[in-house]
Amino acid sequence: MASSMAATASLSPPVLSAERPTARGGLFFPPSPASSRSLRLQSARRSGISPATRKPRSLPRAAKVVVAVKADPLKVMIAGAPASGKGTQCELIKSKYGLVHISAGDLLRAEIAAGSENGKRAKEFMEKGQLVPDEIVVNMVKERLLQPDAQEKGWLLDGYPRSYSQAMALETLGIRPDIFILLDVPDELLVERVVGRRLDPVTGRIYHLKYSPPENEEIASRLTQRFDDTEEKVKLRLQTHYQNVESLLSIYEDVIVEVKGDALVDDVFAEIDKQLTSSLDKKTEMVASA
Ligand code: AP5
């Protein structure tokens, strides 16, 4: 969404410079030497003078050229222990940056709700706090990532990859994030967050009975709890998380940003927002200087 920037330049004269990039469909494309040369020649032929002797056409001093520069959409991965706040932050990121939110856990719960074979198998592993096997998860996420909306708007991958093999499945397709956000929350807070979590089946919003209570009675009465949100299961999920997270860090070393997740929701988001803006600025600068 926020992936465009207006670059304004005062030019005298502002015409047909061979070096100046041209904007096509919002993107910068440097003109090829051949096309710039032929443009100058055609123009010279029409005026009857040679390009070398022709004076630049004078334009008002205040003339400005505004060029839209559009970078590739952002590609973001967010990871962290169970209940570290991934889903909560994804709601905020999505609404500010317009990225397509792809949550591996949500995709699996949709399979369970649909009663599919994959859903039935996945539930056995989720009940035990273990990772669902790659043959179910990998293709499911890959297919969703490659859909046109995610390619056009950018994506926000939540809870995937969670293991070395899952990350490598993306690497072999050349799919890499611009930024990998790792939420860091002390273990002792996670159990309380899990057992108090509630979900609104109508809006999909995430609540917490203490930290983020429902706004009114009507919402409170329809809230549901996840089948794996018990103290016993979160401990198993936490174990699984620690067994796997290290293996990801080496793959995404160059784009990892660790964010403290034990502050207020808005403060955590402020830090993430700062990091995403900086990542987006870097992408835009790269396009502008290409
Ligand atoms: P998944 O659904 O992804 O669960 P998870 O990783 O355990 O993470 P959670 O959804 O529990 O927490 P969250 O970090 O999103 O926190 P939230 O924002 O909701 O996966 C479930 C299962 O599916 C896995 O165990 C596994 O079996 C399987 N699976 C998923 N992905 C897989 C993969 N790639 N491969 C194989 N298997 C896979 O916040 C939690 C609570 O805290 C909420 O109540 C919220 O209101 C509150 N809260 C959030 N932030 C704050 C804050 N700053 N202060 C106070 N409270 C807060």
Side-chain angles (χ1 to χ4, degrees), residues 76-96 99 101-113 119 122-132 137 156-160 162 180-245 248 257-273 275-276:
V76 181
M77 286 179 182
I78 186 162
S84 54
K86 302 183 291 294
T88 302
Q89 293 301 322
C90 284
E91 285 180 1
L92 300 169
I93 297 169
K94 185 178 146 188
S95 92
K96 173 152 186 188
L99 305 177
H101 177 206
I102 302 171
S103 153
D106 287 349
L107 290 175
L108 288 167
R109 281 183 285 278
E111 290 288 332
I112 296 172
K123 193 168 182 193
E124 290 170 25
F125 292 87
M126 292 165 81
E127 295 267 18
K128 290 186 265 183
Q130 295 172 353
L131 292 188
V132 172
V137 182
L156 172 59
L157 202 43
D158 164 6
Y160 187 100
R162 288 196 199 218
F180 184 105
I181 298 166
L182 183 61
L183 289 177
D184 179 26
V185 177
D187 290 359
E188 56 272 21
L189 292 182
L190 299 172
V191 175
E192 190 197 12
R193 283 197 188 179
V194 159
V195 295
R197 171 169 45 198
R198 296 293 182 276
L199 303 170
D200 184 344
V202 176
T203 62
R205 249 199 89 177
I206 303 165
Y207 289 93
H208 190 279
L209 296 179
K210 181 171 162 191
Y211 300 116
S212 192
E215 295 86 349
N216 55 49
E217 265 310 304
E218 190 192 344
I219 297 174
S221 66
R222 66 185 187 221
L223 295 183
T224 59
Q225 197 171 9
R226 266 170 49 175
F227 66 85
D228 55 351
D229 271 356
T230 63
E231 186 168 345
E232 177 208 2
K233 282 177 186 153
V234 74
K235 286 182 178 156
L236 298 171
R237 283 157 59 196
L238 201 51
Q239 232 174 4
T240 305
H241 167 73
Y242 284 123
Q243 278 160 7
N244 293 287
V245 69
L248 294 178
V257 170
E258 212 168 309
V259 173
K260 290 262 164 232
D262 54 351
L264 293 174
V265 169
D266 287 347
D267 293 343
V268 178
F269 180 65
E271 179 55 28
I272 291 178
D273 191 19
Q275 298 293 344
L276 293 182

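FYI, side chains are in, hydrogens and waters are out, and symmetry mates aren't considered; it's all heavy atoms of this structure. Since this is a predicted model, take the numbers as computed values, not measurements.
Considering CD1 of I102 and CE of M77, their distance stands at 10.0 Å, rounded to 0.5 Å. The distance from the CG atom of D106 to the CD atom of E111 is 12.5 Å, given to the nearest 0.5 Å. Put simply, CD1 on I181 and CD on E271 are 9.5 Å apart, with the number rounded to the nearest 0.5 Å.
Here the shortest heavy-atom pairing between G85 and L183 reads C-CD1, 3.6 Å. Residues A122 and L108 share a closest heavy-atom pair of CB-CD2, 3.8 Å. The two residues H241 and P82 make their nearest non-hydrogen contact at CB-CD, 4.1 Å. R197 approaches H208 most closely through the heavy-atom pair N-CD2, 3.9 Å. When all heavy atoms of D200 and V202 are compared, the closest pair comes out as OD1-N, 2.8 Å.
Heavy-atom contacts from other residues, nucleotides or ligands closer than 6.0 Å to CD of E232 number 12 or fewer.
Under the 6.0 Å distance and 45° angle rule, K96 does not count as a cation-pi partner of F269.
Looking at T240, its side chain does come within 3.5 Å of a backbone N or O of G129 through a donor-acceptor pair. A distance-only check finds a donor-acceptor pair linking the side chain of E91 to the backbone of I206 [under 3.5 Å].
Checking K86, H101, Q89 one by one against D158, the side-chain hydrogen bond (donor to acceptor under 3.5 Å, both in side chains) holds for a single residue, H101. The side chain to side chain contact (heavy atoms under 4.5 Å, CB included) with R162 is formed by just one residue from the set V137, L131, V132; it is L131. When each of T230, T224, D228 is tested with R226 by the rule side-chain hydrogen bond (donor to acceptor under 3.5 Å, both in side chains), just one qualifies, namely D228. Screening R237, R198, R109 for a salt bridge (Lys or Arg N to Asp or Glu O under 4.0 Å) with D229, the sole residue that qualifies is R237.
For K235 and E231, the salt-bridge test passes: some basic side-chain N is under 4.0 Å from an acidic carboxylate O.
In summary, the side chains of Q243 and Q239 do not present any donor paired with an acceptor at a separation below 3.5 Å, with no hydrogens or angles considered.
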